[in-house]
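To start, the structure under review is shown below, and the notes come after it.
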There are 2 protein chains.
Amino acid sequence: MAAAAEVVHRQGVERTTIADIARAADVPTGNVYYYFKTKDDLVAAALAEHGGQLERITAELDRLPDPRERLKALVRGWVDQRELAARYGCPTGTLAAELGKRTPDGGLDAEAGKLLRTLLDWVEGQFRELELPDPDGLALALVGAYQGMSLLANALRDPDIMTREGNRLTAWLDAL
Amino acid sequence: MAAAAEVVHRQGVERTTIADIARAADVPTGNVYYYFKTKDDLVAAALAEHGGQLERITAELDRLPDPRERLKALVRGWVDQRELAARYGCPTGTLAAELGKRTPDGGLDAEAGKLLRTLLDWVEGQFRELELPDPDGLALALVGAYQGMSLLANALRDPDIMTREGNRLTAWLDAL
DNA sequence: GTCTATAAGCGGATAGAC
DNA sequence: GTCTATCCGCTTATAGAC
């Protein structure tokens, strides 16, 4: 599952073969099918892995006493990951974008949406605790800014974009 | 080229077959290869098509006398396309994200980056005309917000996100 | 549970008639 | 310049030995 999450993030779902993931996990290709009946099952596992990552991050942030500090630390974490974002984009965002282009699709696209929804809800909770007006609108702005800066940093292969936008978001959080 | 641009936007590069595009253009599959030697040539053509679209939009906006009005009209245009964005994302953004995951890649990913660079430069020019400080930082914020709201609207299949974020961006432009 | 060999099908690309 | 038929490689998935 860890190998699947990493390889799928780097190569995208469609360009990743079972053989790629098997090689990364150091198991024979055919062996994978003992644990995952189809490729989509593996993609779902990769999504779950990213979900766990997200959960660990917010759990860690929750230990901070002040909601504003939690949000600023979240932004700091994004900026810290700038090299990865500039190379491969936000794992959840790029995955959601790719899966969203599938027609019917076994619900994997909705699963990716749920991950982003989880992040949005957590951020909204922080704004709510700060008793700011329109907390869900603010959450949309913050998470949207993250997705946008990740995409631009990735498209232009420029990690500095993450730093610059991170500074702007931090100032914005302070001014709210 | 028009068929390629549309189908690739809807299905993504990897899930689009030559046969898909040929069907949309109402020509036999093999025929495509008379005009495009490889599938990547066709993708490049789709990118160029989106580039032309972008050029037409900014040329139209340039007819407005006030740079601030140009930017607000740009945002209005984004919101008007909310249904398309919620279903398939921003054409340039999703294409750039997908192509960015290719390793070496014949330079198609850089081509997608150039399109976004063009938009960024045009937006920066407007901020510069308004004599605002840090015009390229502001451009990054505006275009980033667009990419972010498109991705979220797409992932959550919710066009209202485009409307809400559009309102916020318009107010932000007015307050600058 | 682990691994090798292989089947089945799809999709990019080409040959060659018209 | 248009179209049909087809080749070939790759990838998903399975069969079956160990």
Exam field: side chain A/H9 to backbone A/L95, donor-acceptor pair closer than 3.5 Å: no
Flag if over 12 foreign heavy atoms under 6.0 Å of CD, A/E55: no
Atom-to-atom span, CG of B/L42 to P of C/dG11 - whole angstrom: 15 Å
Short side-chain to backbone donor-acceptor contact, A/R82 and A/I161, under 3.5 Å: no
Candidate nucleotides C/dG12, D/dT4, C/dT2, ranked by approach to the side chain of B/P28 - the nearest: D/dT4
Nearest-nucleotide pick for A/Y33, side chain only, options being D/dT2, D/dT12, C/dG12: D/dT12
Short N-O contact, A/D174 and A/K72, less than 4.0 angstrom: yes
Rounded distance in Å - CD1 (A/I18) to C1' (C/dG9): 16 Å
Nearest-angstrom distance from the residue atom CZ of B/R23 to C1' of D/dC3: 17 Å
Touch class at under 4.0 angstrom, heavy-atom based, for A/F36 against every strand present: nothing
Separation of D/dT11 C1' from A/D40 CG (nearest whole Å): 14 Å
Distance, rounded to the nearest Å, where A/Y34 contributes OH and D/dA15 contributes P: 15 Å
Sugar-phosphate, base or nothing in reach of A/T38, heavy atoms under 4.0 Å: sugar-phosphate
B/N31 side chain, from C-beta outward: closest of D/dT2, C/dG11, C/dT2: D/dT2
Nearest to side-chain heavy atoms of A/K39, which nucleotide of D/dT12, C/dG12, D/dC3: D/dT12
Nearest listed nucleotide, side chain of B/Y35, among D/dA13, C/dT2, D/dT2: D/dT2
